[in-house]
Amino acid sequence: MRATAAVLLVLCLLTISHAWDCREVVNIKNLMQIDAGLGQVVATDTSQIPYYLVGDKWIRMPGYLKHITVGPAGIWGVNKDYAIYKYVAGNWVQAAGLLKQLDAGGDQFVVGANMDDTPYCLTSSATVGYKGPGSPLPWTGLPGAVKYYSCGPFGCWAVNKNDDIFLMSLNQDCQNKGWSHIDGKLSMIEVATDGSVFGVNSAGSVYTRDGITASKPEGTGWSNIPMGMLMGHVTYDLGRLWVVSKSAVTMVCTH
């Protein structure tokens with residue numbers, strides 16, 4: 001009861017003092033990672049159980065995953081052994097390759113990073129057309145080294161092992177012009193379907209990138225979003241900011 005009261009106090013303070021109105025998501029516990037896109041929300045918990053949000057109910061999906069993503073490229077995930085899966089007709093279909101993290105937020109293409117921080121891209125034609133082992137899956141290796149990688153309509157953002165931030169313009173055929181370094185430090189980063197960029201640093205603070213447009217995809221600077229507790233993961237879609245704390249408390253915030 002005391003812990004609940006403390007959380008409610010934090011939420012009240014956030015509501016009064018900041019532009020983001022946050023509340024705890026009470027009908028799901030112990031989430032580890034969450035991703036939102038195109039009006040859909042998926043997540044995995046600390047037991048690596050995947051979930052899909054329907055209304056206000058979290059529906060358990062089959063299998064076990066340590067990372068899951070949803071977006072224009074569909075629903076994809078990876079398990080603890082780095083095996084890659086695409087959600088097809090209610091079941092997970094394994095795809096060739098090994099990745100530790102991947103993202104379906106690009107224009108129907110998938111990107112990800114492997115155990116050695118090598119970034120990869122899967123073309124939109126291969127991504128959308130993948131139905132099973134008989135479908136072609138030509139992963140394209142990209143330059144650089146990144147540990148977390150996410151794409152949106154205006155570009156792909158990534159962070160490396162030193163928490164340095166980078167931006168790449170990437171098309172449906174995985175053609176690119178390399179990485180551009182962006183100021184700041186983040187340990188994870190997510191790009192929304194509308195191009196918004198959010199991230200969390202190693203200290204558990206949440207940031208959003210200001211001034212992003214199609215003509216200025218790099219934006220203008222970072223703004224902190226006070227949270228009142230240490231956060232580990234963030235995602236955004238359709239006006240809702242979903243945040244998972246380092247103690248596995250999930251919050252949803254509106255602006």
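If you're wondering where the values come from, they're calculated on a predicted model, not measured in any experiment.
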Give the minimum heavy-atom separation between [X] and [Y], together with the two atoms involved.
X: Pro153; Y: Ala192; answer: CD-O, 3.6 Å
X: Leu142; Y: Cys121; answer: CD1-CB, 3.9 Å
X: Ser205; Y: Asn224; answer: CB-ND2, 3.9 Å
X: Ser124; Y: Phe109; answer: N-CB, 3.8 Å
X: Gly63; Y: Pro50; answer: O-CD, 3.2 Å
X: Gly74; Y: Ala104; answer: O-CB, 3.5 Å

So do the side chains of [X] and [Y] get within less than 4.5 Å of each other, counting heavy atoms only?
X: His233; Y: Val200; value: no
X: Met227; Y: Cys22; value: yes
X: Lys66; Y: Tyr82; value: yes
X: Val70; Y: Leu38; value: no
X: Val159; Y: Tyr148; value: yes
X: Asn114; Y: Leu99; value: yes
X: Leu170; Y: Tyr149; value: yes

task = Mind running side chain to side chain contact (heavy atoms under 4.5 Å, CB included) on Tyr52 and Ile75 for me, showing each step along the way?
result = CA-CA 10 Å; Tyr52 184 94; Ile75 301 177; 3.8 Å; yes
ask   = Under 6.0 Å from the NZ atom of Lys80, do we count more than 12 heavy atoms belonging to anything else shown?
value =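 No.
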Are any side-chain N or O atoms of [X] and backbone N or O atoms of [Y], one a donor and one an acceptor, separated by less than 3.5 Å?
X: Ser135; Y: Lys131; answer: yes
X: Thr127; Y: Leu122; answer: yes
X: Asp194; Y: Ser196; answer: yes
X: Trp179; Y: Pro143; answer: yes
X: Ser47; Y: Ile49; answer: no
X: Asp173; Y: Gln175; answer: no
X: Lys246; Y: Met229; answer: no
X: Gln33; Y: Ile68; answer: yes
X: Ser150; Y: Val191; answer: yes
X: His67; Y: Leu102; answer: yes

Starting from [Y], can I reach [X] by hopping between I/L/V/M/F/W/Y residues whose side chains sit under 4.5 Å apart?
X: Val249; Y: Val25; result: no
X: Ile59; Y: Trp92; result: yes
X: Tyr87; Y: Tyr85; result: yes
X: Tyr51; Y: Trp242; result: yes
X: Leu53; Y: Val244; result: yes

To the nearest 0.5 Å, tell me how far [X] [atom1] sits from [Y] [atom2].
X: Trp157; Y: Ile182; atom1: CH2; atom2: CD1; value: 4.5 Å
X: Asp21; Y: Thr254; atom1: CG; atom2: OG1; value: 4.5 Å
X: Asp210; Y: Ser223; atom1: CG; atom2: OG; value: 3.5 Å
X: Trp139; Y: Cys174; atom1: CH2; atom2: SG; value: 8.5 Å
X: His181; Y: Leu167; atom1: NE2; atom2: CG; value: 11.5 Å
X: Tyr207; Y: Asn201; atom1: OH; atom2: CG; value: 5.0 Å

task = Check the pair Val78 / Lys100 against side chain to side chain contact (heavy atoms under 4.5 Å, CB included), numbers first and verdict last.
result = CA-CA 7 Å; Val78 294; Lys100 66 178 179 180; 5.8 Å; no
message = Just to verify, which of Asp163, Asn162, Asn160 counts as forming a side chain to side chain donor-acceptor pair (under 3.5 Å) with Lys147?
response = Asp163
inquiry  = Does Thr69 form a side chain to side chain donor-acceptor pair (under 3.5 Å) with Asp35? I'd like the steps, not just the answer.
reply    = CA-CA 5 Å; Thr69 180; Asp35 194 48; 2.9 Å; yes
key: Identified side chain to side chain contact (heavy atoms under 4.5 Å, CB included) partner of Arg209 from the options Ile189, Val197, Ile165   = Val197
inquiry  = Is the ring pair His255/Trp20 parallel, tilted or perpendicular, if the boundaries are 30 and 60 degrees?
reply    = parallel
task = Show your working on side chain to side chain contact (heavy atoms under 4.5 Å, CB included) between Lys185 and Asp164 and close with a plain yes or no.
result = CA-CA 5 Å; Lys185 293 275 189 178; Asp164 298 317; 2.7 Å; yes
message = Please determine whether side chain to side chain contact (heavy atoms under 4.5 Å, CB included) holds for the pair Asp183 and Trp222, giving the CA-CA distance in whole Å, both sets of side-chain angles, and the decisive distance to 0.1 Å.
response = CA-CA 9 Å; Asp183 63 288; Trp222 297 102; 3.4 Å; yes
